[in-house]
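Residue indices begin at 1 and follow the sequence shown.
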Amino acid sequence: MTDLQKDTLVGLLFVTGIFGFISGAFVVSALVFAVSAIFSNMNRTQSLPN
């Protein structure tokens, strides 16, 4: 998965979480935000040199 694909995935998950929060699905929204944070952090840790 390229950086562009990961950034797109994180962005879509974030927007989905916002819409879930607005619609009142707080549990689903929290889960989507958590997955978004995990993917965002995975992207950053992979780019660090060893």
Give, for atom [atom1] of [X] and atom [atom2] of [Y], the distance between the pair rounded to the nearest 0.5 Å.
X     : Y     : atom1 : atom2 : value
Ser23 : Ile18 : OG    : CD1   : 12.0 Å
Thr16 : Leu31 : OG1   : CG    : 11.5 Å
Thr8  : Leu13 : OG1   : CG    : 11.0 Å

### Closest heavy-atom pair and its distance - Ser29, Gly20
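Smallest interatomic distance, heavy atoms only, reads CB-C, 3.9 Å.
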### Message
For Gly17 versus Val32, what's the shortest heavy-atom pair and its separation?
### Response
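In terms of heavy atoms, the two residues are closest at N-CG1, 3.6 Å.
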### Message
Tell me whether Phe21 at atom CZ has more than 12 heavy atoms from other residues, nucleotides or ligands lying less than 6.0 Å away.
### Response
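Open: at most 12 neighbouring heavy atoms sit under 6.0 Å from CZ of Phe21.
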### Query
Are Ile22 and Phe33 connected, step by step, through hydrophobic side chains (Ile, Leu, Val, Met, Phe, Trp, Tyr) whose heavy atoms are closer than 4.5 Å?
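Yes, Ile22 and Phe33 fall within the same hydrophobic cluster.
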